[in-house]
2 protein chains.
Amino acid sequence: MSRTKKRTGGVTMDHVAREAGVSLMTVSRVMNNVPGVKASTRDSVMRAVKALGYSPNAAARSLARNGAGRIGLLYSNPSAGYLSQFLVGALDGAQTSGALLVIEKCDPSLESEAAAIGRLIAGGVAGVILPAPHAESERAIAALRDAGVVAIAVGTGHARADAHGVRMDDFAAAAEMTRHLIELGHRRIGFIEGAVNQTASVERLKGFETEIRRADPPADCLVEPGGFNYRSGFEAAERLLSDDNPPTAIFASNDDMAAGALAAAHRRGLDVPGDLSVAGFDDTPLATAVWPELTTVRQPVARMAEAALRLALQESRDQSRRDSRAPIDQLLPHQLVVRASTGPVPHNS
Amino acid sequence: MSRTKKRTGGVTMDHVAREAGVSLMTVSRVMNNVPGVKASTRDSVMRAVKALGYSPNAAARSLARNGAGRIGLLYSNPSAGYLSQFLVGALDGAQTSGALLVIEKCDPSLESEAAAIGRLIAGGVAGVILPAPHAESERAIAALRDAGVVAIAVGTGHARADAHGVRMDDFAAAAEMTRHLIELGHRRIGFIEGAVNQTASVERLKGFETEIRRADPPADCLVEPGGFNYRSGFEAAERLLSDDNPPTAIFASNDDMAAGALAAAHRRGLDVPGDLSVAGFDDTPLATAVWPELTTVRQPVARMAEAALRLALQESRDQSRRDSRAPIDQLLPHQLVVRASTGPVPHNS
DNA sequence: GAAAATGATGTTAGCGCTATTAAAAAGTCC
DNA sequence: GGACTTTTTAATAGCGCTAACATCATTTTC
């Protein structure tokens, strides 16, 4: 093991090419899904790849592509669980598609954001992924466009006109959750809003209200502002539960706030879901870390990040050819996850 | 902006070399801190680097080093906040030291771990970083050693004989926190253990017990098992608080369990810290996401990850030269963070 | 004061992959 | 059926950087 010449993992394209009896370049074409390779040739290459356990060297790829494939990722401080999922997804995507991820942290302040964007641009990225709060920043997107860098907004409430986007259908997901609550018999439902400056919050509220209006027999609702963090959820739930006619269910627009609502309920001696149902949104790790485990909506964060990375890569490559100016809007499927925090409406209410 | 030939960030070593009036190789030497460069030459190179805003291309580096610098990171499912901090730290380190991070996920099961290790080795990594639970896995470390891959254990309770390690002083940190509680007047303190198969848990308990024994006037304690997650913290706190003579303070061996303890306290209508003090460990984002914010110990997770990456890089390079067999044990400083969840012992108890 | 022993820098040859260009094979046409 | 396209494959030249070796100044040594 000590005298091995190259400790790189061994198999290279060359090996694959020899094994498959084709040229190195043909293997490259197959690996990159470039059209113009006979199906039979492609097959034999794929077989060789599998046989040898070949996996492309990201560094070499990035280098050969002349730095294209350097993608930036700006993050500040979304809920902890969100970030880790997002990073994992992006990293995974980077690995499989041979991109080089450059992550850059910033504070929520505008100056800090601008500085981070500047560093990213100076670092020579071809595209930048903007999750959660930054996806709403006109300034950031404008700066990126001015520098000729592709911007991908992730997790906004609706498609942007000035940037490509990857997102989920917040409206439909919130509506589904609301329907779930209504089907359980709840007719007075509290809703905790997310941060108002994020369009996703607005869509979630709209989805909720639309479904409330559609309920039969009719239902009504109480809406409290929140800020996407535990504490604001706790406080909003306190207000909701101290109402003269408190709701029998609370739907928080993210899991952190739902956890806060859970704490508020417990503090009042309420059993969840016996006395009060609580629903969250996002399905972050927190959802299963609390007790009872949260009914929530699974936002495919990791897949969204991966999709964003691919999109950034593809668009940055395309852009250098021609200016295709129609922003792409990629919508990923969500899923209602029913766990232990929601149940039938209590009898005596 | 559209006709730019290379969108790589522009400046390369060649530019720097020309600017400084030296050869490309000299620049490389300066950038890698290789000895044998005259101080004046080094200076002028550094000046050119700054003037041009040069930053080395990680991909090219990794490639030229023949794959050395490919570092794996195995993760399963530590507390969410921990992972994101860890990833960020590792990513950061990778960027600055020009390593290529390959992350690999696995389930807690042993087979899954073995499979992931296998993939990592097949991927040709030169070193693997093993955070939290995997750092204790004899099997994983043995597999890595057999493949001639450097293993770095992160966050174990004490130094390992079979792998390099980066960790904090769990014993001392737990002792400090216990002292903090004792100084606030608490004389009956509950402790919630972490997962028993992790040596860090054991050290934290030892630190706690040592300090309890040292208290003057004497203090006593109640120890409950836990599993490093919210739910186990909640349940352990329930048991602690239903004791005939309940503790006035609870020290949980991580923040997730402390959050659970908080919920249990609230459920019983106890005020924190008025009636009960609660302390956590790790200072994950959860610590400030709950209310009241947790007094905890800051574990420098990001820095540990970064240190682990550097160590992996350095050792994997050294190992190929000679077999230096003394495992390195790097200890990083922690910090007691006093927030709102701990206070003086209540008068009437 | 010439040979050997040290520095300090420059040269050369890739790392593994992708563009680009050239060549060959396979169709197409009149 | 041979000149002319159109596929498909092969060959060549780097991407930016570093290891290993070569080269040129300096010293040092006897």
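The figures that follow rest on heavy atoms only: side chains count, while hydrogens, waters and symmetry mates do not. Within every chain, numbering begins at 1; the chains are lettered A, B, ... in the order of the sequence lines, protein sequences first and strands thereafter.
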For the helix from C/dG1-D/dC30 to C/dC30-D/dG1, how many degrees between its two end axes (five pairs per end), to the nearest 10°?
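End-to-end axis angle for the helix from C/dG1-D/dC30 to C/dC30-D/dG1: 50°, rounded to 10°.
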Which atom pairs, one a donor and one an acceptor, fall under 3.5 Å between side chains of residues 18-34 of chain A and the rest of the protein, sequence neighbours left out?
{"from": "A/R18", "atom 1": "NH2", "to": "A/D14", "atom 2": "OD2", "distance (Å)": "2.6"}
{"from": "A/S23", "atom 1": "OG", "to": "A/M25", "atom 2": "N", "distance (Å)": "3.2"}
{"from": "A/S23", "atom 1": "OG", "to": "A/T26", "atom 2": "N", "distance (Å)": "3.4"}
{"from": "A/S23", "atom 1": "OG", "to": "A/T26", "atom 2": "OG1", "distance (Å)": "3.3"}
{"from": "A/N32", "atom 1": "OD1", "to": "A/R65", "atom 2": "NH2", "distance (Å)": "3.0"}
{"from": "A/N32", "atom 1": "ND2", "to": "A/S28", "atom 2": "O", "distance (Å)": "2.8"}

Go through the structure and list residues passing salt bridge (Lys or Arg N to Asp or Glu O under 4.0 Å) with B/R47, not counting sequence neighbours.
none
So, with a heavy-atom separation below 4.0 Å from DNA chain D, the residues of residues 18-26 of chain B are B/L24, B/M25
Using a cut-off of 6.0 Å, state whether more than 12 heavy atoms not belonging to A/R303 lie near its atom CZ.
no
Under-4.0 Å salt bridge between A/D162 and A/R145
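No, A/D162 and A/R145 are not salt-bridged.
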Quick one: is B/T41 getting a side-chain N or O under 4.0 Å of the C/dT9 phosphate, OP1 or OP2?
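The answer is yes; a side-chain N or O of B/T41 sits under 4.0 Å from OP1 or OP2.
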For the OG1 atom of B/T156 and the CG atom of B/L130, what is their distance to the nearest 0.5 Å?
10.5 Å
Let me confirm one number: the CD1-CD1 distance from B/I152 to B/I328, rounded to the nearest 0.5 Å.
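That separation rounds to 7.5 Å.
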For A/L63 and D/dC15, what is the distance between atoms CG and C1' respectively, to the nearest whole Å?
4 Å
Compile the donor-acceptor pairs under 3.5 Å between side chains in residues 132-144 of chain B and protein atoms, sequence neighbours left out, one pair per line.
{"from": "B/H134", "atom 1": "ND1", "to": "B/E113", "atom 2": "OE2", "distance (Å)": "2.8"}
{"from": "B/H134", "atom 1": "NE2", "to": "B/S76", "atom 2": "OG", "distance (Å)": "3.0"}
{"from": "B/E136", "atom 1": "OE1", "to": "B/T199", "atom 2": "OG1", "distance (Å)": "3.3"}
{"from": "B/E136", "atom 1": "OE2", "to": "B/T199", "atom 2": "N", "distance (Å)": "2.9"}
{"from": "B/E136", "atom 1": "OE2", "to": "B/T199", "atom 2": "OG1", "distance (Å)": "2.9"}
{"from": "B/S137", "atom 1": "OG", "to": "B/E113", "atom 2": "OE1", "distance (Å)": "2.7"}
{"from": "B/S137", "atom 1": "OG", "to": "B/A140", "atom 2": "N", "distance (Å)": "3.0"}
{"from": "B/E138", "atom 1": "OE1", "to": "B/R160", "atom 2": "NH2", "distance (Å)": "3.4"}
{"from": "B/E138", "atom 1": "OE2", "to": "B/R160", "atom 2": "NH2", "distance (Å)": "3.4"}

Categorize B/N32 for me: base, sugar-phosphate, or nothing, with a 4.0 angstrom heavy-atom threshold over every strand shown.
sugar-phosphate
Non-hydrogen side-chain atoms of A/I71 and A/I129 separated by less than 4.5 Å
yes
Which atom pairs link the protein and nucleotides 21-28 of chain C when you take only N or O atoms and keep those under 3.5 Å?
none

Name the residue closer to the 5' end of DNA chain C, choosing between B/R42 and A/V27 according to the nucleotide with the nearest heavy atom.
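So the residue in question is B/R42.
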Locate the shortest heavy-atom distance separating B/H164 from B/A326; write the atom from each residue and the value.
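Smallest heavy-atom distance, with atoms named: CE1-O, 3.9 Å.
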